[in-house]
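This report concerns only the one structure given below.
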Amino acid sequence: MKPIFLITSGTVRTPLLLIGSVMQLGQKILTRLLSYKVSFTLIAFVVLLLIFGFLTPRHSFIKPNNLTALAKLTPDLGIVAMGVGTLMICGEFDLSVGSIIPMSSYIFVKLLEWGAPLYVIPFLTLLTGALLGFLNGLLVVRGRIPSFIATLGTMMFWRGVLYISSRMMPIGIRAYLESGTWLEKTLISSIAGVFPVQIIWLLFFTFILGLVVHFHKFGNWIFATGDNKTAARAMGINTDMVKTICFVIVGVLCSFMSMIQALRIESFAATQGIGFELKAIASSVVGGTSLMGGIGSILGIFLGTLTIQILENGMILMGAPVFGINVFIGVGIVLFAILNLYVERVALR
Amino acid sequence: MDSSKLEAGRNDTSPGKRDEDYLVEMVDIHKWFGKVYALRGVNFEVREKEIIGLVGDNGAGKSTLIKILSGFHPADRGEIYFTGKKVHIHNPKDAKKLGIETVYQEQALAPHVSISRNIFMGREPTTHLGFLNKKVMDRESLDTLSKIGLVLTNPETPVEALSGGQRQGVAIARVLYFEAKLVILDEPTIALSVKESRQVMEFIKQLRAEGISVVFITHNIYHVYQIAERFVILAHGEKIGDIKKEDTSVDHLSEIITNGRVA
């Protein structure tokens, strides 16, 4: 920038100044853009959309049936990622989501099997998630162990419990729940025959958490706790409570999603939720959430989820082996983690 | 506890008389950490609208004394009076209720959070249902900052983007907004450049202009000498000096600290 202004002699002055101010404006916009990491997620999302739109065989990516499938799958990851991302802003991880999901699903299907009244089942299922989340929170704040370890423990523990109690046998729900009940209509029906209602749920949770995280005082406590716990405590914020509530939010969202999933696949499956912990963290990181806590946005996590989801879907359509998709998700996470750090440094200069 | 030791450590000034002029009076404060006798009967007073330099070498007991006053440690013995009334400070909240605020270097702020969100951290003004009143937060932040002479335009700036001096300003503005009567600054200039340190000392002067007493804890006698009106010197858990500015000099003070006694 500066050298341009050094040449200020005579006639060349005006155009150079013009170029200078245009560049300055460009830099301003760039800095502004950089301070919103979300824009990078948006760019990645759009670029992937274009790539898959053009390059998948017979443009299958943008065919209606694929888009419908995406619209049904994305909320699964999105609802969980909303909770996981919020918890990450708060400075903690939850690796146990992959076990909370099938545990809730198991309880949900078992309640159906036992013939519990339909209107209490969702509440009991959500309560299961809340309790499992609360337990995670308790282990972290009372046991004073890193959440990475605490939730690694609960992940293994609950999956073990689940394998023993279910003997890994799937349980179909059709024997206990006729199709077309209000519960199914609320959670997995389609609007106008094509638009899955799950999308509405994802948008609902995004909106609610967006309000809480960015506009409510509790959100300010989340950021403060994740960014500088000592300061938050010194200012009278009960950081243990904030963290525990965030763990409970994760648990409840996992339970909610587990009901959607169980109803969609019409059964409980012991393999439900496997890999979700990492995909949810990946969505958050791609959405600009810091691994150290204190930085992140709900909009970013939302876009991050979409990006991870279409990355997975698009690669499958392009013929990548299903089990090899992780290669690309892995690269995505690392690239975005590096990008986030870089952006932060540039934006603060 | 060894009582003979205790007597030996006792300060000469006799406790008992409560002077209403004092904002804070700490009387005969003792503190042990296990076998370490950290404070040996220290008396410490702060008057209204007074800037005190609390100085002394590492391990002299400065931080311990201040942590007792701000509620982080209980004293093992001794009494604290606030505006002439006996008070019990069990935790930082008690201290805050009295109007005693402590500003610690690097511990006070969340770096990636905005200026206004930092200033109101934990005490956010809300509209209804607990939603943040951002208008009030932003306006009050800038107003309070300008009161201590720090003019910033964007309350949304993350604190990390500020200079070290400005960051101290944000931490100081926070205690000013919440109507502190006594502000304790623990090494506020330790990591700052010369220019930034000067800025922080301007903030401190503004605090006093707002009617607030200040205790300035530091190793840096040159900094504290410029603004403090009185110096309290600690060494090995005892108060070895309590000198008005007009009765001393930078050289004299550093001599006392190095020798561990009044020459």
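Just so we're clear, the structure is a prediction, and the values are computed from it rather than from any experiment.
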Atom pair CD (B:E101) and CE (A:M235), whose distance is rounded to the nearest 0.5 Å
6.0 Å

Quick check on B:F178: does its CZ atom have over 12 non-hydrogen neighbours (other residues, nucleotides or ligands) under 6.0 Å away?
yes

Can you confirm whether B:F33 is buried at CZ, in the sense that more than 12 heavy atoms of other residues, nucleotides or ligands lie under 6.0 Å from that atom?
yes

Looking at B:E210, I'd like to know if its CD atom is crowded, meaning that more than 12 non-hydrogen atoms belonging to other residues, nucleotides or ligands lie closer than 6.0 Å.
yes

What closest approach, in Å, do B:V113 and A:F223 show between heavy atoms, and which atom pair accounts for it?
CG2-CB, 3.9 Å

List for me each residue that meets ring-ring contact (aromatic ring centres under 6.0 Å, His included) alongside A:F218, sequence neighbours excluded, and say none if there are none.
none

Minimal non-hydrogen separation, A:A224 against B:A110, with atom names
CA-CB, 4.4 Å

Pick from A:I237, A:N228, A:D227: which one makes a side-chain contact (heavy atoms from CB on, under 4.5 Å) with B:M121?
A:I237

More than 12 heavy atoms of other residues, nucleotides or ligands under 6.0 Å from CE of A:M292: is that the case?
no

Separation between NZ (A:K217) and CE (B:M137), nearest 0.5 Å, reads 11.5 Å

Side chains of residues 197-207 of chain B: which donor-acceptor pairs under 3.5 Å do they make with residues two or more places apart or in other chains?
unit_1 : atom_1 : unit_2 : atom_2 : d
B:S197 : OG     : B:S193 : O      : 2.8
B:E202 : OE2    : B:K205 : NZ     : 3.4

Which atom of A:N220 lies closest to which atom of B:E124, heavy atoms considered
ND2-OE2, 2.9 Å

By a 4.5 Å heavy-atom criterion (distance strictly below it), what part of B:P92 contacts chain A: side chain, backbone, both, or neither?
neither

Take a 6.0 Å sphere around NZ of B:K49 and say whether it holds more than 12 heavy atoms from other residues, nucleotides or ligands.
no

Quick check: closest heavy atoms across B:K96 and A:A234, and the distance to 0.1 Å?
NZ-O, 3.0 Å

Scanning both residues in full, the closest heavy-atom pair of A:I295 with B:H112 reads CD1-CD2, 3.4 Å

Are any side-chain N or O atoms of A:H216 and backbone N or O atoms of B:L129, one a donor and one an acceptor, separated by less than 3.5 Å?
yes

